[in-house]
There are 2 protein chains.
Amino acid sequence: MTETQSALPRQDRRISRTRRQLREALMALILEKGYDAVTVEDITARADVGRTTFYLHYRDKEHLFLESITQIADELAAQMVALFPQALSEDQMGDHAMRPILLVFRHAAENADLYRAMMRGEGGLIATNRLRELTAGYALQFMELFLRGARTALPLEVVASYFAASLLGTLTWWLEAGMPYPPDEMAVMFRRLAMRGVWEALGGAPPPSALETR
Amino acid sequence: MTETQSALPRQDRRISRTRRQLREALMALILEKGYDAVTVEDITARADVGRTTFYLHYRDKEHLFLESITQIADELAAQMVALFPQALSEDQMGDHAMRPILLVFRHAAENADLYRAMMRGEGGLIATNRLRELTAGYALQFMELFLRGARTALPLEVVASYFAASLLGTLTWWLEAGMPYPPDEMAVMFRRLAMRGVWEALGGAPPPSALETR
DNA sequence: TATAATCATAAACATTCTGTTCATTATTAT
DNA sequence: ATAATAATGAACAGAATGTTTATGATTATA
């Protein structure tokens, strides 16, 4: 995402130190005031770094924010990647499609403060878009691997976007509403709402076991 | 939404004139530069109104934007309200649940430029949230009227949020992707993806006719 | 450990936008 | 006709952005 990582010469300690400090400062400040209210000066003051230094590394606040989000998302993504081979070795996708959904809701529950703070104001758009892209990408990969080129009733692109949007949207609603249901219950409800349609769109009649509530 | 409309004394012509000019100016400018790039001075210059006057009517740019969005949404809402009694007089909801969806996709297609310009940057969040609230509200009303208090498998709140998020999200994706399918086709695809799960969540086995592609 | 390269820094600066105040002029409803 | 209200422009204070420059500090590396 950033440009200074050309070859062998490991990154200068000062660089990674500064950037880490800036990321941590931004996240802490978002928790305190919300994304919009945070200024570059706030960040550098908290990070104990000269304001000039900030511009040495990032174009603006959004640039830094995107890098930070990507790091959080990578956490989740890594967990999900671990599920791929497992899912493919099964002949029924239903149960395993459940796992990534559970992961998402649990991850959100664990980092609820941060999520909520991020979702407010301008930051919300940036974060949501980034996460939706990522989610749709993973959904697409997942489906392609599972289908192995089989014909589908609806374009995969559409199905993936639908899936990502409904997941992220439901998640956002849940957070904003103060998490009125436990994460695992949300995951079950979401699966019940989303999976029938998605299965149909992928062409197959769903294996009955994959569609039960539990 | 605004405060100066207390009783009989019809609103001063100057007020409605000024506000209309400001709304139109904002929308035109959003089309040209995108929401974020528009400043209050831009708006007042375009509207041919003193900058001071702006603050006489609106707290800030967002305030004006929200009023403008609400107006657009009301257009749609009015069309939808007209569908309610019709839908209720039928014993199968499926086919009529299709109509509002069609309306949404067509409305978006007709105002694609404006929608796209609104969806970019900070404005996107504001617009999306406002529209999602509105959509979820209508979905809730629709379902309550249709169900007449019958017990449902999942909380209506959750179903409505799910529905609103997936509709808005799919819509956004479709616009951003350059509308690769015609609006009516999108509506059919969306219905196919969403309706099975929603029907189930509402407790009933879906009437088969309501679930066919067409 | 010497040193050249690189990074961090503070101070100063120009710029842009915001939101408010105030005295004056124009328009409106009645 | 006139009292009430809206619109105006100028001026202002303040906050934040992003850049430049000269200087000091830290780092990798040999």
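Just so we're on the same page: letters track the sequence lines, and every chain starts at 1. Basis for what follows: all heavy atoms, side chains included, without hydrogens, waters or symmetry-related copies.
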J.: Can you tell me if A:E41 has over 12 outside heavy atoms packed within less than 6.0 Å of its CD?
T.: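 No, CD of A:E41 has 12 or fewer neighbouring heavy atoms, counting only those of other groups under 6.0 Å.
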J.: When the distance from CZ of B:R59 to C1' of C:dT20 is rounded to whole Å, what number comes out?
T.: 16 Å
J.: Identify whether the distance between the nearest side-chain nitrogen and carboxylate oxygen of B:R116 and B:E176 falls below 4.0 Å.
T.: no
J.: Can you check the B:L56 CG to C:dT18 P distance for me, whole Å?
T.: 17 Å
J.: Using the side-chain heavy atoms of A:R13, tell me which of these nucleotides is nearest: D:dT27, C:dT28, C:dC7.
T.: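 Among D:dT27, C:dT28, C:dC7, the one nearest the side chain of A:R13 is D:dT27.
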J.: Map B:S16 and A:R51 onto DNA chain D by nearest heavy atom, then report which one ends up closer to the 5' terminus.
T.: B:S16
J.: Looking at D:dA6, D:dT8, D:dT17, which one has an atom nearest to any side-chain atom of B:I15?
T.: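 Looking only at side-chain atoms, B:I15 lies closest to D:dA6.
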J.: For the ring-ring contact (aromatic ring centres under 6.0 Å, His included) test, which of A:Y55, A:Y58, A:F54 pairs with A:H63?
T.: A:Y58
J.: In this structure, how many angstroms lie between the C1' atom of C:dC7 and the CG atom of A:D48, rounded?
T.: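 Spelled out: CG on A:D48 to C1' on C:dC7 is 16 Å.
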J.: Does a salt bridge link A:K33 with A:D42, judged by any charged N lying under 4.0 Å from a carboxylate O?
T.: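 The answer is yes: the pair qualifies as a salt bridge.
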J.: If you check every side-chain atom of A:D12, which of D:dT27, D:dT8, D:dT5 has the closest atom?
T.: D:dT27
J.: Choose from D:dA7, D:dT8, C:dA8 the nucleotide whose nearest atom is closest to any side-chain atom of B:T18.
T.: D:dA7
J.: Let me know the distance between CZ of A:F54 and P of C:dA11, rounded to the nearest Å.
T.: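 The answer, rounded to whole Å, is 20 Å.
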J.: Could you check how far CZ of A:R17 sits from P of D:dA25, rounded to whole Å?
T.: 14 Å
J.: Which residue, A:L114, A:L26, A:I30, forms the side chain to side chain contact (heavy atoms under 4.5 Å, CB included) with A:S68?
T.: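 Among the candidates, only A:L26 passes.
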J.: Any side-chain N or O of B:Y55 below 4.0 angstrom from OP1/OP2 of C:dT20?
T.: no
J.: The side chain of A:R14 is closest to which nucleotide in this list: D:dA25, C:dT18, D:dT21?
T.: D:dA25
J.: Could you tell me the separation between the CD1 atom of B:I43 and the P atom of C:dC17, rounded to a whole number of Å?
T.: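 From B:I43 CD1 to C:dC17 P: 12 Å.
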J.: Of B:E41 and A:T53, whose closest DNA chain C nucleotide lies nearer the 5' terminus?
T.: A:T53
J.: If you only use heavy atoms from C-beta on, which nucleotide in C:dT9, D:dG18, C:dT18 is closest to the side chain of A:D60?
T.: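 Looking only at side-chain atoms, A:D60 lies closest to D:dG18.
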J.: Taking only the side-chain nitrogens and oxygens of A:T39, find out if one of them lies under 4.0 Å from OP1 or OP2 of D:dA16.
T.: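 No, A:T39 has no side-chain N/O under 4.0 Å of OP1/OP2 on D:dA16.
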